[in-house]
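The figures that follow rest on heavy atoms only: side chains count, while hydrogens, waters and symmetry mates do not. Quick note: residue numbers are just sequence positions, from 1.
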Amino acid sequence: MTERKPPDVSHEDWVEHQIRQAERRGEFAELPGRGKPLPGNETEYDALWWVKAKMRREGLGQERADASGSLVAVCRRDAEELPAVLARIDDEAEVRRRVAELNKRITDLHLMPPPGPPLGIPRFKVDEVVREWRRTRGAGRG
């Protein structure tokens, strides 16, 4: 167990003392990755590095995490593609779920906008989207 910090020694000096003792004992000599660069530090600085890392960890598509796809651009694209995406869905509950998910992303981007141009699109009115979805499905069958 580590000895207690003496009352007359500052925390910084005490920590430095503990580190020096551990180095003398060789506790840092065989650490994994010793002498290698930190992972993720091989490219130029990217302001959205944490977003891209989160997307990789969450298993989201890499096409959405590349440098050309900011969160705002992806959300705009998804909003534009929404009618085509919904046209391929047969279940109203799934249509509502997709619109609600997109609305949540739009709200998040309105509340915490990333650097760059603003989103500039409103939330979708779920009932109106569902009504239009039903209308286009009915017209396609007739």
Here the gap from Arg137 atom CZ to Asp90 atom CG, rounded to the nearest 0.5 Å, amounts to 5.0 Å
Transitive ILVMFWY side-chain link Leu109 to Trp50, under 4.5 Å: yes
Quick one: CZ on Arg123 to NZ on Lys104, what's the gap to the nearest 0.5 Å? 10.0 Å
Check: Val74 and Arg77 side chains under 4.5 Å, non-hydrogen atoms: yes
Nearest-0.5 Å distance, SG of residue Cys75 to NE2 of residue His110: 8.0 Å
Looking at every heavy atom in both Val99 and Phe124, which two are closest together, and how far apart are they? CG1-CB, 3.8 Å
Run the side chain to side chain contact (heavy atoms under 4.5 Å, CB included) test on Arg134 and Glu92 for me, step by step, so that the C-alpha distance in whole Å, both residues' side-chain angles and the decisive distance to 0.1 Å come before the verdict. CA-CA 9 Å; Arg134 285 182 189 146; Glu92 182 177 324; 2.7 Å; yes
Is the distance from the ring center of His11 to that of Trp14 below 6.0 Å? no
Mind checking the CG-CD spacing from Asn103 to Glu101? Nearest 0.5 Å is all I need. 9.5 Å
Which atom pair, heavy atoms only, marks the closest approach of Val129 to Leu86? CG1-CD1, 3.4 Å
Are any of the side-chain heavy atoms of Arg20 and Arg24 separated by less than 4.5 Å? yes
Just so I know, are the side chains of Val95 and Arg98 near enough to count as touching, which here means a heavy-atom distance under 4.5 Å? no
Rounded to the nearest 0.5 Å, what's the gap from OG1 on Thr136 to CZ on Arg131? Could you check? 13.0 Å
Report whether Ile89 and Val130 are members of the same hydrophobic cluster (ILVMFWY, side-chain heavy atoms less than 4.5 Å apart, transitive linking). yes
Out of curiosity, does Leu111 fall in the hydrophobic cluster containing Leu71 (side-chain heavy atoms, cut-off under 4.5 Å, transitive links)? no
One should read off an interatomic distance between Ile121 CD1 and Glu80 CD, to the nearest 0.5 angstrom, of 8.0 Å
Worked verdict on Asp91 versus Arg97 for salt bridge (charged side-chain N to carboxylate O under 4.0 Å, His left out): CA-CA 10 Å; Asp91 180 40; Arg97 188 192 68 73; over 6 Å; no
